Protein chains: 2
Amino acid sequence: MVLLNPPAGTRQGPDRRAGGRRLDADARRDQLTRIGVELARRVPPDQISADEVARAAGVSKGLVFHYFPTTRDLQVAVLRSSTAELLARLGTDHAAAPSDRLLTGINAFVAYIEEHPAGYLATARGIGSDPGSMEVFEETRAGVVDIMRRALGTPELPAGLRIAIRGWIAMVEESVLHWVEDHPVPRDQLVAFLHRAALDLMPQAMAMGAGTLVPTGPADPAVFDLRS
Amino acid sequence: MVLLNPPAGTRQGPDRRAGGRRLDADARRDQLTRIGVELARRVPPDQISADEVARAAGVSKGLVFHYFPTTRDLQVAVLRSSTAELLARLGTDHAAAPSDRLLTGINAFVAYIEEHPAGYLATARGIGSDPGSMEVFEETRAGVVDIMRRALGTPELPAGLRIAIRGWIAMVEESVLHWVEDHPVPRDQLVAFLHRAALDLMPQAMAMGAGTLVPTGPADPAVFDLRS
DNA sequence: TACCTTCTTGACCAGTAGTCAACAAATGGC
DNA sequence: GCCATTTGTTGACTACTGGTCAAGAAGGTA
């Protein structure tokens, strides 16, 4: 019960555990982040604890707090590292035409979610209210918007188009997350639908804020009535 | 320092604070939930603590834990109570035509977010990874889908259409949350865009899973190339 | 060897979620 | 009016976990 701080010299042997060897700062930080990303496949990112990461790495909890001042910082680093991979996979295929690059991107996104369904669900919805995590979310979504901007070949996006692109990205995310639960329609039809949706929505989105109110093409209210 | 449990009779006076009077179980539970909803306007729902609610209600922390076994249960009750109001506001206007009901619903949603921008952002994205909270999220989204199903006048939705509706809802949410930050386009144009998007997407969605692959209308890949 | 820098440790502390035995306000006979 | 039972309520207590810090070990350098 009486465990007073032993001010000197009561130190046990080296105790070289798995990752316990001395590493330089960057290597250690990377190692801890990697271990966190590993853990995030099983545990939602907002439930990763410094203690857990420390145990998995074979180091002391204090060391983890040395590199990540708060648990949130650790979680944000894990989150950022995870989303970086997704962004990297979406931005390929630079030579093709915009419409084809878009299709490739949608396929890559579906593939990514098929690989880590639980993990992506946790990072997409299990963000929590932490400002740092929300910032990563924002960065990621902005990153996807920027990939689309480059695919479109324009230096900047009109406000209406930017809003529509963000909305469309959310639609893709939600559709795929819901689809992956039980695959109720063929995969290629889902992809085609989302691709087609982008092609249809963007021209109208450009009209937003430009004075003209959705002037292009037909829009028959009756198509929205299944009883007809 | 030595505060041993006084096993008998050391109890101070009645101490009737604001809400400290004896209430029957249902009334007390409702009161605590209401206070939680109040708090949720300032604090993200996943940061509401039993202690805080207890203080605001003028009762002991133990009492809150009597009604809500865990802090999560409290937060989920708050969340559910909040989203119930939103659903109630979206499902009105039963007499109008489907397309008009849709428009009314979009307007109601935009109005709701304009009233509680921070609160909605926190509940939409700050859900966290708690299973209970995710369940409320699912219930809410399913509720909106059902409102649209009734507006369409059909007893059940084809799989492809259900996916598309969920996707469209996510698009509306994301677009409006982004729009409300700085209102870069006129409100009515945003609403018109989202309305038009639904009218355009749903017919194509119905084709999903029905064998035919997006057969209706024009789809020119060139419209997706701003350089043209 | 002595010295310095940098990485690492583990005892400790603080705050908070959750428990529980006891208490008190109503309620219902008698 | 009084006693017994039920049920809402309390607050001291415990357990756990995020975070601190003084001290030490490992490696480099002269």
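Everything numeric in this text was worked out from a predicted model, so none of it was measured. Basis for what follows: all heavy atoms, side chains included, without hydrogens, waters or symmetry-related copies. Chain letters run A, B, ... following the sequence lines, proteins first and then strands; every chain starts at 1.
- A donor-acceptor contact under 3.5 angstrom links the side chains of B:D73 and B:T70, judged on distance only.
- Looking at A:E115 and A:R41, no side-chain N of the basic residue comes within less than 4.0 Å of a carboxylate O on the acidic one, giving no salt bridge.
- The separation between B:D51 atom CG and C:dA14 atom C1' is 14 Å, rounded to whole Å.
- Contacts of A:A50 with the nucleic acid, taken as non-hydrogen atoms under 4.0 Å apart, are absent.
- Ionic pairing of B:R34 and B:E38 is not present here: no N-O contact between side-chain nitrogen and carboxylate oxygen is shorter than 4.0 angstrom.
- One finds no side-chain N or O of B:Y67 lying less than 4.0 angstrom from the OP1 or OP2 phosphate oxygen of D:dG8.
- Following rounding to the nearest Å, A:Q47 (CD) and D:dT17 (C1') show an atom-to-atom distance of 14 Å.
- The nucleotide whose nearest atom lies closest to any side-chain atom of B:K61 is, among D:dT10, C:dA17, C:dT9, C:dA17.
- Nucleotide D:dT7 holds its P atom 13 Å from the CG atom of B:D26, rounded to whole Å.
- Candidate nucleotides C:dA24, D:dA25, C:dG10 were compared by shortest atom distance to the side chain of A:R22, and D:dA25 ranks first.
- Side-chain proximity of B:F65 to C:dC7, D:dG19, C:dG18: nearest is C:dG18.
- Regarding A:L32, its CG atom lies at a distance of 10 Å from the P atom of C:dT9, rounded to whole Å.
- Comparing A:L63 and A:I48 along DNA chain D, the residue whose closest nucleotide (by nearest heavy atom) sits nearer the 5' end is A:I48.
- A side-chain donor-acceptor contact under 3.5 Å links B:R28 and B:Q31.
- Each of C:dC7, C:dT9, C:dA17 was ranked by its minimum atom distance to the side chain of A:V59; first place goes to C:dT9.
- Residue side chain A:R28 does not reach the base of C:dT8 through any donor-acceptor N/O pair under 3.5 Å, judged by distance alone.
- Atom CD in B:Q31 sits about 13 Å away from atom C1' in D:dT9, given to the nearest Å.
- Between the CG atom of A:D46 and the P atom of D:dG18 there is a distance of 12 Å, given to the nearest Å.
- Rounded to whole Å, the distance from CG on B:D24 to C1' on C:dA25 is 13 Å.
- Rounded to whole angstrom, the span from the CG atom of B:L23 across to the P atom of C:dT27 amounts to 12 Å.
- Comparing B:G62 and B:A25 along DNA chain D, the residue whose closest nucleotide (by nearest heavy atom) sits nearer the 5' end is B:A25.
- Looking at A:E173 and A:R141, a side-chain N of the basic residue comes within less than 4.0 Å of a carboxylate O on the acidic one, giving a salt bridge.
- For the OP1/OP2 pair of D:dT17 and a distance below 4.0 Å, the side-chain nitrogens and oxygens of A:T71 include no atom meeting the criterion.
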